[in-house]
Amino acid sequence: MTRPTPLPLLALLAIALPVTACRESGNGRPADTPPTQADPTSADPTLLQPGETRFGAIEQLTFEGENAESYWAFDGTSLIFQSTPTPGEGCDQIYTLDPATGARQLVSTGLGRTTCAYYYPAGDRILYSSTHHHDPACPTPPDRSRGYVWALYPTFDIFAADADGSNLVQLTTQDGYDAEGTFSPTGHRIIFTSVREGDIDLYSMLPDGSDVQRVTDRLGYDGGAFYSPDGTMIVWRAHYPETAEERDDYLALLADGLIRPSALEIYVADADGSNPRQLTDNGAANFAPYWHPSGEQIIFSSNMDDPQGRNFEIYIINIDGTGLERVTYSEGFDGFPVFHPDGTRLAFSSNRNMSHEGNTNLFLAEWVDGN
């Protein structure tokens, strides 16, 4: 897992970030009927903000509700994302979207809470996490009396289904949070986040859910991982408590199924977790890292340039930590940047051009590579 400009920045994250997505079935709309949309095939020049030199034409793909975390099919023909079409009603569900026509289809069950959808490399299956098998209702939101926290719902498990949502199969059955699953482009393994051994770590498994292997083992939060285009490396967001006070706070929250996401840094490593390297070191909320198709850069979202922590923008950095560049300059939230497999376009979520408070939409921008 997105929010409007008026909300505190981290409140934006609460809706969009993988650990906090939320929506239920009761939108009163048939699964294959898209909500009212403007023409998605025409670019709007007013969507481009001064300073966004990496963008050419920008198209707006959704126009209502809260939409985030759109990921391309490996052939680049469609997107899969999570959405709450009607603000304030239910939990996030998973949809697919044809960016050429705007046609969208509900592919999750319409029950419980879902998050973190991804395509299988062949495109015939999808992956997502859900709580529906424990309770058809939305899980209870976290208690914010302890500050801004995320809930790691223990009822989240990872599921696979055909691309239209049929033939649903549960891949994880371990007690505790299992979510944030993504596929290696090689098709060999899925990487995901789990608390199955007492901490919040990355694990990998075969496409059928077998052969689970632990990837990270440092005390702290590891999440939102993606394999590199050749499958040899991973990128993820992490927070590792350094002081005794931070450690105590982290462990106390973890015992109650919570984490505090105000400081996250971006890391890369070999696919098995070896040779980890930290790319960012700014104390901000850096998240949603994704690979450039070249495998040489990471694009991500951060509030590093806003002392108030309210404004998230998109940045890109080399995998050796050099060459940090700001990409977006739009007030509010810009996040979840995902390159088209051929590198010519970038899908992302944004509050730009929002129709009402809380309106976060999917956008598609032509990507201008080079210096």
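Values below: every heavy atom of this structure, side chains too, minus hydrogens, waters and symmetry copies.
Expressed to the nearest 0.5 Å, how far CG of D178 lies from SG of C116 amounts to 11.5 Å. Expressed to the nearest 0.5 Å, how far CD of E64 lies from OG1 of T360 amounts to 13.0 Å. In this structure, the separation between OG on S130 and CG on L168 is 8.0 Å, given to the nearest 0.5 Å. Put simply, CG on L251 and CG on L219 are 5.5 Å apart, with the number rounded to the nearest 0.5 Å. To the nearest 0.5 angstrom, S349 atom OG is 6.0 Å from F333 atom CZ. Note that CG of D217 is 9.5 Å distant from CD of E197, once rounded to the nearest 0.5 Å.
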Worksheet item: Can F159 and H132 be said to form a ring pair (Phe, Tyr, Trp, His ring centres under 6.0 Å), step by step?
Response: CA-CA 11 Å; F159 291 81; H132 75 276; 4.9 Å; yes
Practice prompt. Decide yes or no on ring pair (Phe, Tyr, Trp, His ring centres under 6.0 Å) for F336 and F81, but give the supporting numbers first.
Written response: CA-CA 11 Å; F336 301 107; F81 68 105; over 10 Å; no
Item to complete: Go through E313 and T328 one step at a time and tell me if the side-chain hydrogen bond (donor to acceptor under 3.5 Å, both in side chains) criterion holds.
Response: CA-CA 6 Å; E313 302 291 352; T328 60; 2.6 Å; yes
Discussion item. Set out, in order, the CA-CA distance, both residues' side-chain angles and the distance that settles ring pair (Phe, Tyr, Trp, His ring centres under 6.0 Å) for Y120 and F183, then state yes or no.
Written reply: CA-CA 6 Å; Y120 276 58; F183 243 105; 4.3 Å; yes
Fill in: side-chain hydrogen bond (donor to acceptor under 3.5 Å, both in side chains) evaluation trace for Q60 with N353
CA-CA 9 Å; Q60 186 168 345; N353 197 39; 2.8 Å; yes
Item to complete: Report the C-alpha distance between T280 and N282 in whole Å, list the side-chain angles of each, state the deciding distance to 0.1 Å, and finish with yes or no for side-chain hydrogen bond (donor to acceptor under 3.5 Å, both in side chains).
Response: CA-CA 6 Å; T280 63; N282 52 40; 4.9 Å; no
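Shown here for P261 and I259, the closest heavy-atom pair between the two residues is CD-O, 3.6 Å. Nearest heavy atoms, I190 versus G181: CG2-CA, 4.3 Å. Residue Q82 comes nearest to T114 through the heavy atom pair OE1-O, 4.4 Å, listed as atom of the first residue, atom of the second, then distance. Heavy-atom minimum distance, D199 versus G220: OD2-N, 3.1 Å. Scanning all heavy atoms of the two residues, the minimum distance from P341 to A73 falls at CG-O, 3.8 Å. Of all heavy-atom pairs between A151 and L258, the closest is CA-CD2, 3.9 Å.
Taking the centre of each ring, Y118 and Y71 come in below the 6.0 Å mark.
Considering only residues two or more places apart in sequence or on other chains, S184 meets the side chain to side chain contact (heavy atoms under 4.5 Å, CB included) condition with T186, Y227. With sequence neighbours excluded, the residues forming a ring pair (Phe, Tyr, Trp, His ring centres under 6.0 Å) with F339 are H292, W367, listed by chain and number. Not counting sequence neighbours, Y119 has no partner by the ring pair (Phe, Tyr, Trp, His ring centres under 6.0 Å) test. For Y267, the ring pair (Phe, Tyr, Trp, His ring centres under 6.0 Å) partners two or more places apart in sequence, or in a different chain, are W236, Y240. D135 pairs by the salt bridge (Lys or Arg N to Asp or Glu O under 4.0 Å) definition with nothing, not counting sequence neighbours. In terms of the salt bridge (Lys or Arg N to Asp or Glu O under 4.0 Å) criterion, residue partners of D256 (sequence neighbours excluded) are, by chain and number, R146. Qualifying side chain to side chain contact (heavy atoms under 4.5 Å, CB included) partners for E325, counting only residues two or more places apart in sequence or in other chains: R54, I316. Not counting sequence neighbours, the partners of D305 by the salt bridge (Lys or Arg N to Asp or Glu O under 4.0 Å) test are R326. In this structure, the ring pair (Phe, Tyr, Trp, His ring centres under 6.0 Å) partners of H340, at least two apart in sequence or on a different chain, are W72. Residues passing the side-chain hydrogen bond (donor to acceptor under 3.5 Å, both in side chains) test with T322, sequence neighbours excluded: N318, D320.
Looking at D222 and Y203, their side chains never come closer than 4.5 Å, going by heavy atoms from C-beta outward. Between F363 and S330 the shortest side-chain heavy-atom distance does not fall below 4.5 Å. Between Y95 and V107 there is no side-chain heavy-atom pair separated by less than 4.5 Å. Q170 has its side chain within reach of H133: a pair of non-hydrogen atoms, C-beta onward, lies under 4.5 Å apart. Taking 4.5 Å as the limit, some side-chain heavy atom of E180 sits within range of a side-chain heavy atom of Y177. Y128 places a side-chain heavy atom less than 4.5 Å from the side chain of S108. Proximity of T96 to S78: side-chain heavy atoms (C-beta onward) are nowhere separated by under 4.5 Å. At a threshold of 4.5 Å between non-hydrogen side-chain atoms, the residues T182 and I191 count as touching.
Not a single donor-acceptor pair under 3.5 Å links the side chain of S301 to the backbone N or O of I314. At least one donor-acceptor pair closer than 3.5 Å links the side chain of N303 to the backbone N or O of A285. Without hydrogens or angle criteria, H239 side chain to A263 main chain gives a donor-acceptor distance under 3.5 Å. Side-chain atoms of Q93 come within 3.5 Å of backbone atoms of G112 as a donor-acceptor pair (strictly under, hydrogens ignored). For T193 (side chain) and D201 (main-chain N/O), no donor-acceptor pair under 3.5 Å exists by modelled atom type. Between the side chain of D306 and the backbone N or O of N311 there is at least one donor-acceptor pair closer than 3.5 Å. Judged purely by atom type and a 3.5 angstrom limit, N275 has no side-chain atom pairing as donor or acceptor with the backbone of A269.
Residue pairs meeting the salt bridge (Lys or Arg N to Asp or Glu O under 4.0 Å) criterion with at least one member in residues 238-249, sequence neighbours excluded, are D249-R260. For residues 344-354, the salt bridge (Lys or Arg N to Asp or Glu O under 4.0 Å) pairs, not counting sequence neighbours, are E52-R352, D334-R352.
Both F226 and I299 belong to a common hydrophobic cluster when Ile, Leu, Val, Met, Phe, Trp and Tyr are linked at side-chain heavy-atom distances under 4.5 angstrom. Under the 4.5 Å side-chain contact rule for hydrophobic residues, I319 and V215 do not share a cluster. Under a hydrophobic clustering in which Ile, Leu, Val, Met, Phe, Trp and Tyr are joined whenever their side-chain heavy atoms come within less than 4.5 Å, directly or via other members, L79 and I58 fall into the same cluster. In the hydrophobic clustering of this structure, V268 groups with F300; members are Ile, Leu, Val, Met, Phe, Trp, Tyr whose side-chain heavy atoms approach within less than 4.5 Å, directly or through other members. Note: the hydrophobic cluster containing F74 does not contain I234 (ILVMFWY, side chain heavy atoms under 4.5 Å, direct or indirect links).
Using a 4.0 Å cut-off between a side-chain N of Lys or Arg and a carboxylate O of Asp or Glu, R237 and E265 do not qualify as a salt bridge. Classification of R189 and D211 as a salt-bridged pair holds, one side-chain N sitting under 4.0 Å from a carboxylate O.
The neighbour count for D124 CG, taken as heavy atoms of other residues, nucleotides or ligands under 6.0 Å away, is above 12.
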